[in-house]
Student: 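One structure is given below, represented as structure tokens, and several questions about it will come after.
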Amino acid sequence: MTAYQHAHKGEFDFGTQAPPPQCPAHAGDRAVPLSGPRFHTDPAGHYREMRGEHGPVVPVMLPGDVPAWLVIGYQEMYQVTTDSRLFPRDSGLWNQWEHLPEDWPLRPMIGQRQPSIYYTVGEEHQRHLRMVQTAMESISPLELRKHCEELSDLLLDDFCARGEADIISEYAKPLPILVLARLLGFPDHEGPGLIRAMTALADGGEDALEQFQYFGAKLHELVAEKRAASGADLTSWMLAYPEHFTDEEYALDLMAITAAGHLPTADWIGNSVRLMLTDDRFAASLTGNRRSIPEAMNEVLWEDTPTQILAGRWAAWDTWLGGQRIRAGDMLLLGLAGANADPKVHVTSAGADTGLRGGNSAHFAFSHGEFQCPFQAQEIAETIARIGIEVLLDRLPEIDLAVPAGALARRPSAFLRGMTALPVRFSPTPPIEGRS
């Protein structure tokens, strides 16, 4: 339970909600398309309008006119992520599978029942979680920091002498996957292929299914290699766990870890650097003020969280939520960004801001409840992002945007919020001695 939720525990104890006198049907003409430029040009305004028209639970349409519900209320998000009996993460319950074409672009992101940490429920989910957490506890913080610093320097060496670079493609995207690849036991040269695969999966593009197959094949190969020759890596520690798991289960768990850890961490880096370069509160302290980095990173998790919408939960039976009639098998998308911005937890009855965001970790950036990002994984992501930003600003202290802030573009995705590019300029510096 987060600090805010613990302090307000009584406010989040839910009984049976009585239905409102009238409830709007999930009609296509009222549903909000879960696409379009406003999700990446003006998400805050878009969520305000959705909340004003529909309340904390919004009827939405996915590509192909597939209906779902988007939860954007803080209280409702807490309820959905806490009550795993009523709202399990069991995609097999979805009442839309029979209506989906085989090439539906979001099929890999939604996923179907699989024996992995991400798609199991109850005791079976806990069994996978214990195995993954135990393996992650073997990761040395000193080794993790060493990987982050070394790989950050290697990436910077490739462009530091040019005086200009795109921080997203040349630094923020490669860094997390290179670190994760080492932790899992991949050689460094596998990184670019994994980056392409997970970017395609996140954006749901035409090549999403092809890249999903590539991604899975690589993880299955890794499990086989570590079966033959174990090492000091996460995959080997998972294989050494005393409970029995199949190679398929190991590969699926590794896929979940890698997918969840790569692009959100890359976007955490990119969004934090963008904030520090465009907001006077941070831009004035880029040199010599280390406190500004964690402050910027925390603000991003509240205001510009990399994972905006997460799929999902499925209603186990008919119920009411946020004034909406939810049918058994309906999918609920977790609107993490919308819930973070819910004015009910930021503004008092007198209209004053509570200041909840500043230094507070009660956001939903890592989800919540039984299926939230494991604490060890959160620490790994934070270490990669923080050290990546520290090394960048230490070596390029005069870094600045190379284009007007208004020209920066976001990835065209309602689900993940990151920059398509972050062009910067800086005073050229030589690579670290011995690496040129």
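Since we're looking at a predicted model, the values are computed, not measured.
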Student: For Ala266 and Ala172, work out which heavy atoms get closest and say how close.
Tutor: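 Nearest heavy atoms, Ala266 then Ala172: CB-O, 3.1 Å.
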
Student: Considering all heavy atoms of both residues, which atom of Gln324 and which atom of Pro59 are nearest to each other, and what is their separation?
Tutor: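 Between these two residues, the closest heavy atoms are NE2-CD, 3.7 Å.
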
Student: Do Lys218 and Tyr214 touch side chain to side chain, with heavy atoms closer than 4.5 Å?
Tutor: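 They are in side-chain contact.
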
Student: For Gly73, does its backbone N or O pair with a side-chain atom of Asp342 as donor and acceptor, under 3.5 Å?
Tutor: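 Flag not set: sc Asp342 to bb Gly73 has no pair under 3.5 Å.
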
Student: Going by side-chain hydrogen bond (donor to acceptor under 3.5 Å, both in side chains), name the pairs with one or both residues in residues 40-53, residues two or more places apart or in two chains.
Tutor: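 Non-adjacent pairs meeting side-chain hydrogen bond (donor to acceptor under 3.5 Å, both in side chains): Arg38-Asp42, Arg38-Glu49.
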
Student: Test: salt bridge (charged side-chain N to carboxylate O under 4.0 Å, His left out). Region: residues 236-255. Which pairs qualify, not counting sequence neighbours?
Tutor: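 Sorted result for residues 236-255: Arg127-Glu243, Arg127-Glu249, Arg130-Glu243, Arg227-Asp247.
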
Student: Under the criterion salt bridge (charged side-chain N to carboxylate O under 4.0 Å, His left out), I'd like the reasoning laid out for Lys226 against Glu221: C-alpha separation, chi angles, the key distance, then a yes or no.
Tutor: CA-CA 9 Å; Lys226 297 303 174 180; Glu221 290 173 9; over 6 Å; no

Student: Side-chain contact test, heavy atoms from C-beta onward, threshold under 4.5 Å: evaluate it for Pro141 versus Thr383 and give yes or no.
Tutor: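 Result no, sub-4.5 Å side-chain heavy-atom pair not found.
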
Student: What closest approach, in Å, do Leu252 and Ser116 show between heavy atoms, and which atom pair accounts for it?
Tutor: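 Closest heavy-atom pair between Leu252 and Ser116: CB-CB, 3.4 Å.
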
Student: Is any side-chain heavy atom of Leu239 closer than 4.5 Å to a side-chain heavy atom of Val223?
Tutor: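 They are in side-chain contact.
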
Student: Not counting sequence neighbours, which residues clear side-chain contact (heavy atoms from CB on, under 4.5 Å) with Ala260? List them please.
Tutor: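 Partners of Ala260 under the side-chain contact (heavy atoms from CB on, under 4.5 Å) test: none.
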
Student: Run Asp279 and Arg281 through salt bridge (charged side-chain N to carboxylate O under 4.0 Å, His left out) and show every step you take.
Tutor: CA-CA 5 Å; Asp279 191 313; Arg281 294 172 301 150; 2.7 Å; yes

Student: According to salt bridge (charged side-chain N to carboxylate O under 4.0 Å, His left out), does anything in residues 83-97 pair up with another residue at least two apart or in another chain? List the pairs.
Tutor: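 Pairs touching residues 83-97 that pass the test: Asp90-Arg113.
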
Student: For residues 174-184, which residue pairs pass the salt bridge (charged side-chain N to carboxylate O under 4.0 Å, His left out) check, not counting sequence neighbours?
Tutor: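 Residue pairs passing salt bridge (charged side-chain N to carboxylate O under 4.0 Å, His left out), neighbours aside: Glu150-Arg182, Arg182-Asp188.
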
Student: Under the side-chain contact (heavy atoms from CB on, under 4.5 Å) test against Met276, which residue among Leu392, Asn271, Leu393 passes?
Tutor: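 One option only clears the test, and that one is Leu393.
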
Student: Only one of Ile309, Leu310, Val71, Thr81 clears side-chain contact (heavy atoms from CB on, under 4.5 Å) with Leu336; which?
Tutor: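 Of the listed options, the one satisfying the test is Leu310.
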
Student: Can you list the steps and then say if Trp237 with Ile139 is a side chain to side chain contact (heavy atoms under 4.5 Å, CB included)?
Tutor: CA-CA 9 Å; Trp237 295 324; Ile139 296 174; 3.8 Å; yes

Student: Backbone N or O of Cys373 within a donor-acceptor pair of the Gln378 side chain at under 3.5 Å?
Tutor: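 Yes; judged by distance alone, with no hydrogens or angles, the pair exists.
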
Student: Tell me the side-chain hydrogen bond (donor to acceptor under 3.5 Å, both in side chains) pairs involving residues 91-101, sequence neighbours left out?
Tutor: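 Sorted result for residues 91-101: Asn95-Asp330.
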
Student: Which of these, Glu124, His125, Gln126, sits in a side-chain hydrogen bond (donor to acceptor under 3.5 Å, both in side chains) with His128?
Tutor: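 Per the side-chain hydrogen bond (donor to acceptor under 3.5 Å, both in side chains) rule, the option paired with His128 is Glu124, out of Glu124, His125, Gln126.
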
Student: Take Leu106 and Phe415, measure what side chain to side chain contact (heavy atoms under 4.5 Å, CB included) needs, and give me the verdict at the end.
Tutor: CA-CA 11 Å; Leu106 296 186; Phe415 292 84; 4.2 Å; yes

Student: I need the Arg410 CZ to Asp304 CG distance, nearest 0.5 Å.
Tutor: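 So the CZ of Arg410 and the CG of Asp304 are separated by 4.0 Å.
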
Student: Which atom pair, heavy atoms only, marks the closest approach of Pro423 to Leu408?
Tutor: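 Closest heavy-atom pair between Pro423 and Leu408: CD-CD2, 4.0 Å.
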
Student: Nearest heavy-atom pair of Leu175 and Ile269: which atoms, and what distance?
Tutor: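 Here Leu175 and Ile269 meet closest at CD2-CD1, 4.1 Å.
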
Student: Any carboxylate oxygen within less than 4.0 angstrom of a Lys/Arg side-chain nitrogen, looking at Asp267 and Arg417?
Tutor: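 Result for this pair is no, no salt bridge flagged.
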
Student: Between Gly388 and Ser152, which heavy-atom pair has the shortest distance, and what is it?
Tutor: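 Looking at all heavy atoms of both residues, the shortest contact is CA-OG, 3.8 Å.
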
Student: Apply the test salt bridge (charged side-chain N to carboxylate O under 4.0 Å, His left out) to residues Asp207 and Arg196: give CA-CA distance (whole Å), side-chain angles for both, the deciding distance (0.1 Å), then the verdict.
Tutor: CA-CA 10 Å; Asp207 60 342; Arg196 287 192 299 271; over 6 Å; no

Student: Answer yes or no: is there a donor N or O on one side and an acceptor on the other, between the side chain of Trp104 and the main chain of Gly64, under 3.5 Å?
Tutor: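 Here the side-chain-to-backbone pair does not exist.
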
Student: Starting from the C-alpha separation in whole Å, work towards a yes-or-no answer on side chain to side chain contact (heavy atoms under 4.5 Å, CB included) for Trp317 and Arg327.
Tutor: CA-CA 6 Å; Trp317 56 82; Arg327 301 293 183 181; over 6 Å; no

Student: Backbone N or O of Ala232 within a donor-acceptor pair of the Ser236 side chain at under 3.5 Å?
Tutor: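 No.
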
Student: If we ignore hydrogens and angles and just use 3.5 Å, is the side chain of Thr235 paired with the main-chain N or O of Gly185 as donor and acceptor?
Tutor: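 Not confirmed, Thr235 side chain does not pair with Gly185 backbone.
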
